[in-house]
Amino acid sequence: MVNISRRSWAQQCLDALLPQYCLLCGLPSRQALPMCPACCSELPVNAHCCRRCALPLASPTASLCGPCLQRPPIIDHVVAPYRYDPCIALLIQRWKYQPLPRLGITVAELWRSAVIKPPPVDLVTSVPLHWRRRWRRGFNQSSQLAELIHRGHPGLANSTLQLGLLHRQRATAVQAGLNARARSRNLRGAFTLRGRCENLRVAVVDDVLTTGATANELARCLKAGGAREVQLWCLARTPAP
Ligand SMILES: [Zn+2]
Ligand SMILES: [Zn+2]
């Protein structure tokens with residue numbers, strides 16, 4: 001159950017004057033954020049998942065997924081508190097293509113309320129967008145999420161936010177429709193480092209993790225720069241196809 005109902009007295013007065021409506025069901029949200037408690041509690045929590053890549057697992061006794069057992073990815077650990085489902089998809093799509101601050105805050109608050117104690121890291125950064133895509137969309141959703149996750153999070157007080165650490169030096173073909181191997185080929189050499197990360201534990205923030213090809217390529221780039229450990233933090237993980 002996700003609780004995003006921490007409201008001050010002033011916020012409660014504001015809610016009464018300007019009621020928020022739930023993005024998913026359309027009813028008054030009765031919270032500071034545009035999601036009602038019932039819809040929040042129905043979001044699919046990614047409780048039993050691979051301890052390395054966060055892939056939802058069917059077997060209650062397994063701790064690693066098949067691909068991680070056969071060929072461990074370069075990324076060391078993935079934090080993905082929810083499973084990707086139509087509700088999460090709707091929320092993320094609305095935020096990406098209608099960049100209202102309250103949508104970004106909602107996504108970040110869902111992550112923060114589910115990840116009270118993030119794994120210890122030294123640096124928090126985000127997945128870079130190619131400048132052309134960023135210009136078309138008007139913002140980088142991963143950077144916005146990283147900023148909102150990091151700001152004031154008591155578990156991240158000892159880490160630094162460094163949004164410009166990674167740079168996407170070439171636009172890559174759209175990944176949808178490509179298999180894992182083609183995705184990995186498509187991304188090879190797409191990222192460069194624009195800062196230092198020697199001997200540091202780095203968390204890269206993204207909205208959703210699908211095949212992990214982008215995460216792995218970013219981890220390759222960070223480890224080539226000396227990073228000791230690379231994690232990916234996202235809101236949701238897609239189940240195995
Ligand atoms: Zn609702
Ligand atoms: Zn795995």
Side-chain angles (χ1 to χ4, degrees), residues 1-7 11-12 15-16 18-95 98 100 102-111 113-115 119 179-181 183-184 203-204 206 208-220 223 229-241:
M1 166 85 186
V2 177
N3 177 17
I4 52 174
S5 59
R6 296 186 297 273
R7 288 186 302 167
Q11 278 172 325
Q12 289 183 46
D15 292 350
L18 300 165
Q20 296 264 20
Y21 292 93
C22 176
L23 287 164
L24 298 179
C25 69
L27 293 172
S29 74
R30 302 182 194 284
Q31 306 201 79
L33 294 170
M35 288 256 310
C36 75
C39 286
C40 282
S41 70
E42 279 175 18
L43 290 177
V45 175
N46 193 14
H48 183 53
C49 61
C50 173
R51 66 180 150 84
R52 182 138 191 175
C53 76
L55 189 77
L57 295 173
S59 160
T61 53
S63 63
L64 283 168
C65 69
C68 284
L69 276 171
Q70 284 166 7
R71 198 168 169 224
I74 303 170
I75 198 100
D76 294 292
H77 182 59
V78 173
V79 175
Y82 301 95
R83 294 177 185 213
Y84 192 69
D85 82 332
C87 291
I88 298 267
L90 179 72
L91 187 63
I92 287 177
Q93 287 304 311
R94 288 191 70 169
W95 168 49
Q98 195 187 356
L100 300 171
R102 67 192 176 105
L103 296 180
I105 292 168
T106 304
V107 174
E109 200 52 44
L110 286 172
W111 191 92
S113 58
V115 188
N179 64 26
R181 189 167 292 184
R183 281 180 182 225
S184 166
V204 184
D206 203 359
V208 175
L209 183 67
T210 45
T211 64
T214 302
N216 243 1
E217 194 54 35
L218 289 167
R220 190 195 310 280
K223 289 201 171 176
E229 187 187 294
V230 181
Q231 304 191 15
L232 187 99
W233 294 355
C234 60
L235 183 71
R237 179 75 162 100
T238 53

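Values in this document were obtained by computation on a predicted structure and should not be read as measured data. First listed ligand is number 1; within each ligand, the first listed atom is number 1.
- The SG atom of Cys65, the Zn ion (ligand 2) and the SG atom of Cys53 define an angle of 110° (nearest 10 degrees).
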(request) Please report the C-alpha distance between Leu91 and Leu110 in whole Å, then the side-chain angles of each, then the deciding distance to 0.1 Å, and finally whether the side chain to side chain contact (heavy atoms under 4.5 Å, CB included) criterion is met. (result) CA-CA 11 Å; Leu91 187 63; Leu110 286 172; 3.4 Å; yes
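- When rounded to 10 degrees, the angle formed at the Zn ion (ligand 2) by SG (Cys50) and SG (Cys68) equals 110°.
- Taking each heavy atom of Arg83 and His48 in turn, the nearest pair found is NH2-O, 3.4 Å.
- Here the options are Val115, Leu43, Val107, the test is side chain to side chain contact (heavy atoms under 4.5 Å, CB included), and the partner is Leu235; only Val107 passes.
- Here the angle centred on the Zn ion (ligand 1), running from SG of Cys22 over to SG of Cys39, is 110°, rounded to 10°.
- Here the side chain of Arg30 pairs no donor or acceptor atom with the backbone of Pro37 at under 3.5 angstrom.
- Among the atoms of Cys25, an N, O or S atom falls under 2.8 Å of the Zn ion (ligand 1).
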